[in-house]
Amino acid sequence: MSPNITIDRRLTFQEIMSLAPLQDEIQNGNVVKRYMSELKAWCPEDDVSIASGKGDPENKSNQKLLKRKAAAYGGHVYSQAGVAASRALSESSHRSGPRRKLGIHTIHGHFSEAGYVDRSFIYNVNAIATNPSFPNFLVTVRQPLSPSTSTTRDHFPVADAELPLGPVCFSAIVSFRPSGASQHVAQESPPQTRFVDILSSREPSAWDPAPHIDIAKTLAEFPMRNPGSFPAVDMKKVDLTTFNEGKPLHERRELLLYRLLAPLSADEPDLHILTHAYEADRNGLLMIGNHVGFGWDFARAASLSYSFVVHVNPEDAVMSYGEDEWWIQEACFPRVEAGRAIIMSKIWSPKGVHVATEYQDGIIQRHWKPCERPGKL
C-alpha cells in the first residue's frame with residue numbers, strides 16, 4: 001500500500017446516518033418535521049485510491065478519476081430519508097400518546113438530481129396518512145446550492161441549513177407496519193442451499209472485498225488491495241464467474257456477503273432495515289454493465305427509482321454482531337432496454353430467511369460508437 005494513503009476509521013451506520021433536528025415548519029396547517037445530515041456521505045470515487053492503495057499523484061488515471069465532481073453514494077440519502085421518517089413517526093407518537101410499535105415496511109424512492117458530498121442533505125418529512133396500523137410519510141430532500149461553510153466539509157454545522165437550497169434531489173414514500181402473526185409462510189430455497197458448493201468452498205471472510213467501483217476497466221486500473229472505507233458493513237463479493245458463464249442475463253446471479261462493522265441496537269429495528277437498504281444499493285447497476293459488456297467502455301450509470309420491501313416483522317430484520325453473522329444479497333438482472341436496467345436483490349438472513357427485496361431501475365450506458373447514436377428530431 002502506498003505510504004501516501006491514510007485509511008480513516010470506517011464509520012458505523014449510526015455515525016454515517018446522524019441527523020440534526022431543525023425547526024419544524026407549518027405547511028397547509030400540517031407540521032413538517034425537518035432534519036439535516038451532519039456527516040459527509042460516502043463517495044465511491046473517493047474510495048478508489050484508498051481501496052486500491054494507489055495514491056501516487058503522478059498516476060494520470062488516478063488524477064483524472066479524482067478530479068471528477070464528488071457525487072454522494074445514492075444509498076446514503078435513500079437510507080437517511082428512512083431514518084428521518086422513522087424519527088418523525090417516533091416524535092409524533094410521543095405527542096399523541098402510546099401506540100403499537102411500528103417498523104419500516106416499504107421505501108419507494110426517486111432520484112431527481114445528483115447529490116454531492118461537500119454539503120448536507122436537508123430532509124422535510126410530511127405525514128401523508130396517519131392510520132395507526134399503516135402510517136406513511138413523504139420525505140423530500142434538498143441540498144444547499146453552495147458547499148458547506150465548514151472548512152473541512154465533512155462535518156456540517158446547523159448553520160448550513162440556512163443556505164439557499166437547490167431543487168429536490170430525492171423523494172420517497174416510507175410506510176410502516178406493526179408486527180403480525182403468520183398464517184402461512186412460503187419462500188424459495190435460500191442461496192445457502194442453492195449455492196452450497198460455491199459458498200462452502202471457503203470461509204465467508206476469505207472472499208474478496210466488494211469492489212470500490214464495480215466497473216471492469218476501473219478495477220483493472222485500480223485493483224482492490226483492501227476493503228476501503230465503505231461504512232456500516234463489511235462486504236465480500238462471491239466469485240460466480242463459472243456459474244454465470246454462458247447463461248443469459250436473466251439467469252445470472254451475484255452474491256454479496258455482509259455483516260455489521262459494529263453492534264447496532266436490537267431495540268431499533270428500523271436502523272437494521274435501513275442498513276440492509278444502504279448495503280443493497282452498492283454497485284448494483286454497475287454489475288449489470290459488466291454482464292452486458294459495458295465494463296470496458298463504460299459511460300454512465302445513475303439510479304432513477306429504488307424500492308425496498310420488507311417481508312418479515314421488523315424484529316426479524318435485526319442483525320446480530322459477530323464474526324460469523326453473514327447476510328447475503330442475491331442480485332439478478334431481469335431487464336435491460338432503452339438505456340435503462342433493472343436490478344432485483346433478495347436479502348437473506350444467515351439462517352436462510354428471505355427478509356426483504358430491493359427493486360431498482362436506473363440508467364446504464366456505454367459510450368456511443370461512431371454513427372450509432374440515434375438522431376434528434
Side-chain angles (χ1 to χ4, degrees), residues 10-22 32-44 46 70-91 103-126 136-144 148 150 153-158 160-161 165-176 229-233 260-262 264-265 268-282 284 303 305-308 310 317 356 358 360:
R10 294 168 69 187
L11 297 177
T12 66
F13 188 74
Q14 304 95 303
E15 291 170 326
I16 197 68
M17 289 288 113
S18 61
L19 284 173
L22 301 176
V32 177
K33 304 297 295 184
R34 301 178 68 241
Y35 310 92
M36 67 169 283
S37 60
E38 295 185 292
L39 296 182
K40 171 185 175 181
W42 183 72
C43 174
D46 283 353
Y73 173 57
H76 182 100
V77 67
Y78 186 92
S79 297
Q80 201 163 45
V83 174
S86 180
R87 184 175 295 185
L89 174 64
S90 176
E91 292 171 358
I104 289 176
H105 160 246
T106 63
I107 307 173
H108 300 291
H110 295 85
F111 299 86
S112 48
E113 301 283 345
Y116 300 108
V117 299
D118 62 357
R119 63 203 71 185
S120 65
F121 290 98
I122 309 296
Y123 298 84
N124 281 19
V125 185
N126 297 264
N136 47 84
F137 295 81
L138 171 65
V139 185
T140 52
V141 190
R142 301 164 74 187
Q143 287 191 293
S148 173
S150 165
R153 293 181 181 171
D154 58 1
H155 291 69
F156 306 126
V158 173
D160 283 358
L165 298 178
V168 170
C169 61
F170 178 77
S171 59
I173 294 177
V174 185
S175 64
F176 297 81
S229 59
F230 188 74
V233 294
L260 286 171
L261 285 180
L264 191 59
S265 173
E268 297 184 88
D270 281 353
L271 294 186
H272 291 258
I273 290 167
L274 293 165
T275 302
H276 295 303
Y278 185 85
E279 177 278 335
D281 188 52
R282 190 178 185 190
S303 296
S305 66
Y306 176 8
S307 293
F308 195 83
V310 180
E358 171 227 21
Q360 185 172 180

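- You'll find the side chain of E91 reaches within 4.5 Å of the side chain of K33, heavy atoms only.
- Under the 3.5 Å distance criterion, with hydrogens and angles disregarded, no donor-acceptor pair is assigned to the side chains of S37 and S120.
- L274 has its side chain within reach of I104: a pair of non-hydrogen atoms, C-beta onward, lies under 4.5 Å apart.
- Across all non-hydrogen atoms, the minimal contact from L271 to F13 is O-CE2, 3.4 Å.
- One distance of note links CG of L261 with CG of L11; it measures 9.5 Å at 0.5 Å rounding.
- Contact record, G115 with Q143: CA-OE1, 3.2 Å, taken as the closest heavy-atom pair.
- Take P44 and apply the side-chain contact (heavy atoms from CB on, under 4.5 Å) test, not counting sequence neighbours, and it matches W42, Y73, I213.
- Salt bridge absent: D270 and R87 never bring a charged side-chain N and a carboxylate O closer than 4.0 Å.
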Quick one: do V310 and T106 satisfy side-chain contact (heavy atoms from CB on, under 4.5 Å)? Show the steps, please.
CA-CA 6 Å; V310 180; T106 63; over 6 Å; no
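- Listed by chain and number, the residues in a side chain to side chain donor-acceptor pair (under 3.5 Å) with Y78 amount to none (sequence neighbours excluded).
- In this model, a donor atom of one side chain and an acceptor atom of the other lie less than 3.5 Å apart for Y123 and Q80.
- No hydrogens or angles considered: a donor-acceptor pair under 3.5 Å links the side chains of S148 and D160.
- Summarising the geometry, atom OG1 belonging to T12 is positioned 9.5 Å from atom CG belonging to L260; distances are rounded to the nearest 0.5 Å.
- Side-chain atoms of E268 and S265 form no donor-acceptor pair, as typed in the model, at a separation below 3.5 Å.
- For F137, the ring pair (Phe, Tyr, Trp, His ring centres under 6.0 Å) partners two or more places apart in sequence, or in a different chain, are F176.
- A pairwise comparison of heavy atoms in Q14 and L264 identifies CD-CD1, 3.2 Å as the closest pair.
- Here the shortest heavy-atom pairing between P231 and Y278 reads CG-OH, 3.4 Å.
- Side chains of Q360 and D281 form a contact here, defined as non-hydrogen atoms less than 4.5 Å apart.
- Side-chain contact between N124 and Y35: absent, with no pair of heavy atoms (C-beta onward) separated by less than 4.5 Å.
- Distance check, rounded to the nearest 0.5 Å: OG1 of T140 to CD1 of I122 gives 11.0 Å.
- To the nearest 0.5 Å, atoms NZ (K40) and CD1 (I16) are separated by 9.5 Å.
- Put simply, the side chain of R119 gets close to the backbone of P144: a donor and an acceptor are under 3.5 Å apart.
- Residues M17 and S79 form a side-chain contact, since some pair of their non-hydrogen atoms from C-beta on lies under 4.5 Å apart.
- Interatomic distance, R142 CZ to L165 CG, rounded to the nearest 0.5 Å: 4.5 Å.
- A centroid separation of 6.0 Å or more is found between the aromatic rings of H108 and Y306.
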Give the intermediate values and the outcome of side-chain contact (heavy atoms from CB on, under 4.5 Å) for residues F121 and C169.
CA-CA 9 Å; F121 290 98; C169 61; 4.1 Å; yes
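- In this structure the side chain of M36 never reaches within 4.5 angstrom of the side chain of L19, judged on heavy atoms.
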Going through the checks in order, is the side-chain hydrogen bond (donor to acceptor under 3.5 Å, both in side chains) test met by S175 and H105?
CA-CA 5 Å; S175 64; H105 160 246; 2.8 Å; yes
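- Taking every heavy atom of both residues into account, I173 and L138 meet most closely at CG1-CD1, 4.3 Å.
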Are V141 and V168 close enough, and set up right, to give a side-chain contact (heavy atoms from CB on, under 4.5 Å), and what steps lead you there?
CA-CA 5 Å; V141 190; V168 170; 5.7 Å; no
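- Using modelled atom types and a 3.5 Å distance limit, the side chains of E358 and S307 yield no donor-acceptor pair.
- Contact between V117 and A72 at its shortest, heavy atoms only, is CG1-CA, 3.6 Å.
- In this structure, E38 and F156 have side chains that are not in contact, with every pair of non-hydrogen atoms separated by 4.5 Å or more.
- Side-chain contact check for H110 versus F170: every heavy-atom pair is 4.5 Å or farther apart.
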